[in-house]
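The block underneath contains the structure these notes are about, expressed in structure tokens.
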Amino acid sequence: MAATKRHWLIKQEPDTFSWDDFVKAGEAQWDGVRNYQARNNLRAMRKGDLAFYYHSGTGREIVGVAEVLREAYPDPTATGGDWSCVDFKPVKALKRPVSLTEIKADKRLENLLLVRHSRLSVMPMEAAEFEMILKLAASRL
DNA sequence: GCCAACGTTGGC
DNA sequence: GCCAACGTTGGC
């Protein structure tokens, strides 16, 4: 019946909009994406899908889990072109952040687009990879 | 349609 | 602050 949930990772510079800002806001319109691959990923998201919230630049770590609140709709901040945005709400912060260094050190996560394609800001990931990172976050460093 | 130049992102 | 990776643009 219900389609299998897909898993994602979204990046944000904490200096621009941190996880704490996100939690304070209660939800966020994920606009401003101007890359086709990232846009297509946004469009493939379904309500209820989960996404890791990653701090790029300062931090470079996964800090929390977000959920798709509203599926892709036209990005109101776009002045031209065919762009989309998605609304997310925070679900929970990870028990402890999982850093890029830690992810890179883990052979089982070597196929993550976060590692292979570092410039992509919205990316899919496997359910197994998602679970693995949740497990890392629940463990001691 | 190719490719050089340029801009942007993000890790280090 | 630097640089690699990558996307986009524009000349030919």
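Everything quoted here is computed from the prediction, not taken from an experiment. Every chain is numbered from 1 and lettered A, B, ... according to where its sequence line falls, protein lines coming before strand lines.
In plain terms, the two heavy atoms of A:Ala72 and A:Ser84 that are nearest each other are CB-CB, 4.1 Å.
For the 3.5 Å distance criterion, the side chains of A:Trp8 and A:Asp49 qualify, holding a donor opposite an acceptor.
Here B:dT9 presents its C1' atom at 13 Å from CZ of A:Arg60, a figure rounded to the nearest Å. In this entry the distance linking CG of A:Leu9 with P of B:dG10 reads 11 Å, nearest Å. Spacing between atom CD of A:Gln37 and atom P of C:dG7 amounts to 6 Å, rounded to whole angstrom units. Per the geometry, CG belonging to A:Leu112 stands 16 Å off P belonging to B:dG10, to the nearest Å. Between the NZ atom of A:Lys11 and the P atom of C:dC6 there is a distance of 12 Å, rounded to whole Å. Per the geometry, CE belonging to A:Met123 stands 15 Å off C1' belonging to C:dG7, to the nearest Å. Taking atom CG on A:Leu114 and atom C1' on C:dC6, their separation rounds to 16 Å, with Å as the unit. Atom CD1 in A:Ile10 sits about 13 Å away from atom P in B:dG10, given to the nearest Å.
Distances shown here put a side-chain N or O of A:Tyr54 below 4.0 Å from the OP1 or OP2 atom of B:dG11.
Here the OG-NZ distance, from A:Ser18 to A:Lys24, works out to 6.5 Å after rounding to the nearest 0.5 Å.
Taking the six-membered ring where the residue is Trp, A:Tyr53 and A:Phe22 present parallel rings, their angle staying beneath 30° rather than reaching 60°.
In the set C:dC6, B:dG11, C:dG7, the nucleotide with an atom closest to the side chain of A:Arg119 is C:dC6. Closest contact between the side chain of A:Lys104 and the listed nucleotides C:dG7, C:dT8, B:dC12 involves B:dC12. The side chain of A:His117 approaches C:dG7 more closely than any other nucleotide in the set B:dG10, B:dC12, C:dG7. If you check C:dG7, B:dG11, B:dG10 against the side chain of A:Glu13, the one that comes closest is B:dG10.
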